[in-house]
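The chains referred to below are lettered A, B, ... by the order of the sequence lines, with proteins before strands, and numbering in each begins at 1.
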Amino acid sequence: MMKAMDSSVAVATRTDFTKCKVAYPLGGIKRDAFRTKSGKKLSEKQWAVYDYVRKIPCGKVTTYKHVCLALGFGSPRSVGAAMRNNPFAPFVPCHRVVASNFYIGGFFGEWGSTKEDGSAGQQCKRKLDMLTQEGVTFTNNGYLSDPEAFIWKE
DNA sequence: ACTATGACAGTAA
DNA sequence: ATTACTGCCATAG
């Protein structure tokens with residue numbers, strides 16, 4: 001068990017995204033400079049979520065539920081809220097987080113919709129494309145095709 | 001300080 | 001498998 005609350009340090013030693021150009025504050029005072037969409041400072045809990053999600057490797061996905069359990073606080077719903085406010089998308093790979101029942105989940109504020117005609121849920125379609133590009137496949141129903149293979153296991 | 005609102009999840013029908 | 005309803009907890013207003 002690690003003490004997840006102390007998000008000011010941590011994580012950051014992973015190398016998964018070292019080649020990304022986007023600046024992501026790994027900790028300390030620099031994080032105070034970032035604001036949420038509504039102009040508020042990002043909370044420690046939000047940072048904790050971003051730090052965790054950032055570790056999900058390409059080709060794998062996890063669930064909202066798993067994130068809050070791993071962090072040791074919050075709820076799946078609050079995790080979703082953090083994602084929604086994610087100012088680092090798509091650097092923080094929020095597209096690699098799906099619902100607990102392996103449903104595609106949401107993206108950029110839109111939930112679900114697997115309509116193939118694209119009548120709704122354009123953002124989710126995009127999420128689907130990104131994951132497909134990473135090798136993660138879904139059924140035409142909108143559910144993860146092979147959870148055993150694609151769910152990220154630490 | 002308080003109420004409303006979600007990128008969820010568990011349960012029941 | 002899908003819908004409906006309820007608990008959840010962190011933000012937004």
Side-chain angles (χ1 to χ4, degrees), chain A residues 1-8 10-11 16-17 22 24-25 27 31-154:
Chain A
M1 283 293 281
M2 59 176 179
K3 32 182 299 187
M5 293 297 283
D6 203 356
S7 61
S8 61
V11 213
D16 302 320
F17 293 88
V22 181
Y24 180 86
R31 293 192 166 188
D32 291 346
F34 291 85
R35 293 297 140 89
T36 188
K37 199 170 186 178
S38 60
K40 294 180 177 179
K41 289 202 307 181
L42 297 167
S43 71
E44 290 302 315
K45 296 182 179 183
Q46 282 175 307
W47 283 118
V49 172
Y50 302 148
D51 284 340
Y52 187 82
V53 170
R54 222 166 56 86
K55 298 191 299 185
I56 306 172
C58 182
K60 297 287 182 177
V61 297
T62 191
T63 67
Y64 299 95
K65 178 185 177 182
H66 175 82
V67 174
C68 77
L69 288 179
L71 293 178
F73 63 84
S75 72
R77 205 130 190 212
S78 59
V79 170
M83 300 299 225
R84 193 174 186 282
N85 293 319
N86 174 18
F88 300 104
F91 173 58
V92 171
C94 45
H95 59 282
R96 293 179 189 150
V97 183
V98 301
S100 183
N101 57 355
F102 307 129
Y103 183 59
I104 177 66
F107 202 52
F108 271 111
E110 284 185 6
W111 177 258
S113 177
T114 56
K115 305 288 183 184
E116 299 190 5
D117 58 0
S119 59
Q122 287 301 306
Q123 306 297 354
C124 285
K125 183 76 166 61
R126 175 139 175 70
K127 176 177 182 178
L128 199 68
D129 289 340
M130 294 180 69
L131 287 172
T132 300
Q133 194 173 4
E134 296 183 353
V136 181
T137 56
F138 286 77
T139 67
N140 40 12
N141 218 16
Y143 289 86
L144 199 56
S145 65
D146 190 353
E148 284 300 319
F150 296 127
I151 288 292
W152 177 45
K153 295 162 187 169
E154 48 186 325

- Determine the sole option in A/Thr62, A/Thr137, A/Val98 for which the side-chain contact (heavy atoms from CB on, under 4.5 Å) test with A/Phe150 is passed. A/Thr137

- Message: Here's one to test your reading of the geometry: is the NZ or CZ of A/Arg96 within 45 degrees of the ring axis of A/Trp152 and under 6.0 Å from its centre?
- Response: no

- Query: What string of B, S and - do you get for nucleotides 8-13 of chain C, 5' to 3', when a contact is any protein heavy atom under 4.0 Å?
  - Reply: BSSSSS

- Message: Does A/Cys68 reach a base, just sugar-phosphate, or nothing at all? Heavy atoms under 4.0 Å.
- Response: nothing

Could you go through nucleotides 10-13 of chain B and list every protein N or O atom that sits under 3.5 Å from one of its N or O atoms, giving the distance for each pair?
{"unit_1": "B/dG10", "atom_1": "OP1", "unit_2": "A/Lys65", "atom_2": "NZ", "d": "2.6"}

- Message: In whole Å, I'd like the distance from the OH atom of A/Tyr143 to the P atom of C/dA1.
- Response: 7 Å

- Item | Distance, rounded to the nearest Å, where A/Tyr103 contributes OH and C/dT3 contributes P | 10 Å

- Message: We want to know whether A/Asp51 and A/Tyr24 form a side-chain donor-acceptor pair, criterion being a heavy-atom distance below 3.5 angstrom.
- Response: yes

- Note on the structure: Rounded to whole Å, the OH-P distance (A/Tyr64 to C/dG7) equals 23 Å

- Task: May I ask you to say whether A/Glu148 pairs ionically with A/Lys153, meaning some side-chain N is under 4.0 Å from a carboxylate O?
- Result: yes

- Message: Could you tell me how far apart A/Glu110 (CD) and B/dG6 (C1') are, to the nearest whole angstrom?
- Response: 14 Å

- Item | N/O donor-acceptor pair under 3.5 Å between A/Asn86 side chain and A/Ala82 backbone | no

- Mind calculating the distance between CE (A/Met83) and P (B/dT5) to the nearest angstrom? 24 Å

- Close side-chain approach of A/Ile104 and A/Phe138, heavy atoms under 4.5 Å: yes

